[in-house]
Amino acid sequence: MRKSNSTPHSANGLTAPTAPVPARIDPKAIIAVTFGFFILLAFMTYQIAIVMVHHGVERDASRRSLEWAGFAVKQVPEIAALADGQPIKTEHWDAFRDLASFGGVFRFKIFSPDGVLRFESDDPAATGESLGKHNAIAASVVKTGEAYTTVENGRSKPNRPDLYSETYLPVYDSGRLVAIAETYMDQTSKTAAVRVEYAFVAVLMAGMILLALSIPSAGLWLMFRRLKYNNERLRLAQIRAMASDKSKSEFISTVSHELRTPLTSIKGSLEMLKSGKIIELSAPAERLVAMAAKNSNILNLLVNDLLDFERIDTGNLEVSKRPSDIVTIVKDEIETMMSYDTEQEVEYFYTGDDGPIIGNVDPDRIAQVVRNLLSNAVKFSPRNGGVFVSVRAETGAVRIVVADSGCGISPGDCARIFDKFTQVDSSDTRKHRGTGLGLAISKGIIEAHGGDIGVTSVEGVGSEFYFVVPIGIEDKRLPLQDAA
């Protein structure tokens with residue numbers, strides 16, 4: 001097979017820089033969450049304070065009831081007599097009045113050991129009530145022999161303070177349970193005092209919590225303000241990048257179309273001179289005209305690449321699909337590449353299926369992709385190197401592979417080589433020239449066919465470019481045109 005030099009198509013793809021999308025942060029939501037947290041904190045602190053006050057009052061009531069029991073020890077015989085149902089003696093009334101006015105006690109009752117009411121300090125005639133009916137929980141004192149205290153709200157009851165306690169105390173005589181005494185104590189003032197005490201504790205706790213949270217909260221507030229500022233900068237940068245990208249696309253489109261008209265005239269004129277129909281050229285003149293014609297073809301291909309890139313960039317790339325033999329398309333492109341003048345003396349090897357593989361594709365666009373990959377392989381192959389091409393049918397698709405034995409591509413560059421406006425070597429002194437549009441255009445064409453394109457490479461060994469397109473599957477979302 002004949003050897004060939006590279007065509008002017010580019011080896012590398014390009015990608016436009018885009019500004020990062022700014023993160024969306026809603027300051028109102030942050031303020032609402034913070035405010036809600038502090039409300040929840042205040043509510044929980046208040047509930048804890050209520051529970052602590054209630055338990056504090058109960059503890060105080062139990063303590064004072066025990067003091068009352070100690071005061072009533074000397075009246076145990078009389079209390080035991082009452083619990084047995086005996087009438088109170090007249091000489092004992094003063095002692096019982098003292099019991100009813102001890103340390104906040106405004107009322108007391110005496111029950112028998114089995115829980116039957118025998119005496120009530122403010123109504124001596126009230127007897128016979130069962131302790132279980134009076135207070136079901138307090139009836140447990142009969143079984144356990146342990147004191148029980150509860151705090152009640154007296155605002156809705158007659159002749160009661162706003163808050164009072166009821167304590168049920170077992171009364172023993174020589175180790176024997178002889179009665180159960182129920183004492184009523186006014187807890188209004190004590191509750192107020194406990195509330196003040198625990199309110200101070202609650203305020204102190206809340207203050208410490210707020211102080212502990214204020215520093216990180218201030219830090220978060222400053223961080224969110226900084227994020228908001230950065231988001232605004234990113235948004236403006238994104239707007240500028242989008243405007244710049246639009247201007248770039250418009251410029252490429254305008255310049256490409258403006259170049260095409262004079263370039264067509266130049267090519268036509270050079271072809272006429274080259275044909276010898278206008279004037280007989282000397283050998284030196286003929287070489288110059290041939291060189292000019294060759295470079296005009298290069299320039300024409302560049303303009304076409306720019307126009308294709310602009311169509312891909314704006315989403316206006318059109319493919320005209322029709323049943324085509326992909327093997328024939330690839331082999332024709334290999335023959336075309338072999339017909340070019342050679343400098344590197346690269347040899348081509350076809351190793352794929354020989355039979356026809358029919359696919360519903362745009363043959364001109366598929367040929368353009370194959371031409372780009374072949375040009376890329378030749379450009380980076382060493383002198384006397386080889387380019388290996390294969391076409392193989394897969395399930396519902398066809399895979400085309402173009403491999404070279406060139407310098408290879410680093411893994412990092414493999415990941416971005418098909419991106420727009422990105423070149424592996426973009427320096428002014430790079431060895432291989434090119435605009436860097438070929439692979440970007442190839443990617444756009446293959447994606448328009450619903451396929452995939454990629455590369456695997458080992459540095460110093462070579463690269464293997466491939467693309468896969470579906471067979472007989474037409475993408476209805478693409479704008480289709482009949483073949484010209």
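Taking the side chain as every heavy atom from C-beta outward, I417 and F465 approach each other to under 4.5 Å. The side-chain heavy atoms of V369 and F467, taken from C-beta on, include a pair separated by under 4.5 Å. Looking only at side-chain heavy atoms (C-beta outward), L374 and V402 come within less than 4.5 Å of each other. Side-chain contact between T167 and Y148 is absent, with no heavy-atom pair separated by less than 4.5 Å. A heavy-atom distance below 4.5 Å is not found between the side chains of E464 and V455. Within the 4.5 Å cutoff, the side chain of E347 has heavy atoms near those of the F349 side chain. Under the 4.5 Å side-chain criterion, counting only non-hydrogen atoms from C-beta, S442 is not in contact with Q368. For the pair N372/L439, no side-chain contact is recorded, criterion being any heavy-atom separation below 4.5 Å from C-beta on.
Taking every heavy atom of both residues into account, V387 and S381 meet most closely at CG2-OG, 3.9 Å. Nearest heavy-atom pair, G406 versus P382, reported as atom, atom and distance to 0.1 Å: CA-CD, 3.9 Å. The shortest non-hydrogen separation linking P411 to E459 is CD-OE2, 4.2 Å. D362 and E318 make their closest contact through OD2-O, 4.4 Å (heavy atoms, listed as atom of the first residue, atom of the second, distance). When every heavy atom of I358 is checked against every heavy atom of P323, the shortest pair comes out as CG2-CB, 4.0 Å.
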F418 vs I453, test: side-chain contact (heavy atoms from CB on, under 4.5 Å). Steps then yes/no. CA-CA 9 Å; F418 291 95; I453 188 170; 3.6 Å; yes

Just do the side-chain contact (heavy atoms from CB on, under 4.5 Å) check on L222 and R226 with the steps written out, would you? CA-CA 6 Å; L222 292 175; R226 185 64 181 178; over 6 Å; no

Start with the C-alpha gap between V141 and E146, add the side-chain angles, then the distance that decides, and say whether side-chain contact (heavy atoms from CB on, under 4.5 Å) holds. CA-CA 5 Å; V141 178; E146 297 179 357; over 6 Å; no

Under the side-chain contact (heavy atoms from CB on, under 4.5 Å) criterion, do N360 and I471 qualify, and how do the steps go? CA-CA 6 Å; N360 191 44; I471 296 178; over 6 Å; no

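In this structure, the separation between CD on E333 and CD1 on I400 is 12.0 Å, given to the nearest 0.5 Å. Within the model, atoms CG of L317 and CD1 of I441 stand 9.5 Å from one another, a figure rounded to the nearest 0.5 Å. How far OH of Y348 is from CE of M338: 8.5 Å, rounded to the nearest 0.5 Å. In this structure, I366 CD1 and I445 CD1 are separated by 7.5 Å, a value rounded to the nearest 0.5 Å.
Qualifying side-chain contact (heavy atoms from CB on, under 4.5 Å) partners for P284, counting only residues two or more places apart in sequence or in other chains: S282, R287. With sequence neighbours excluded, the residues that form a side-chain contact (heavy atoms from CB on, under 4.5 Å) with M223 are L220, L227. In this view, S463 and S457 satisfy the side chain to side chain donor-acceptor pair (under 3.5 Å) rule, not counting sequence neighbours. Partners of T328 under the side-chain contact (heavy atoms from CB on, under 4.5 Å) rule, at least two apart in sequence or in another chain, are D325, D332. For S324, the side-chain contact (heavy atoms from CB on, under 4.5 Å) partners two or more places apart in sequence, or in a different chain, are R322, I329, V361, P363.
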Under 3.5 Å, sequence neighbours excluded: what are the donor-acceptor pairs made by side chains of residues 388-397?
residue : atom : partner : partner atom : Å
R392    : NH1  : D353    : OD1          : 3.3
R392    : NH2  : T351    : O            : 2.6
E394    : OE2  : R399    : NE           : 2.8

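Side chains of E166 and Y168: a donor on one and an acceptor on the other come within 3.5 Å.
Not one N or O on the side chain of H449 forms a donor-acceptor pair closer than 3.5 Å with the backbone of R365.
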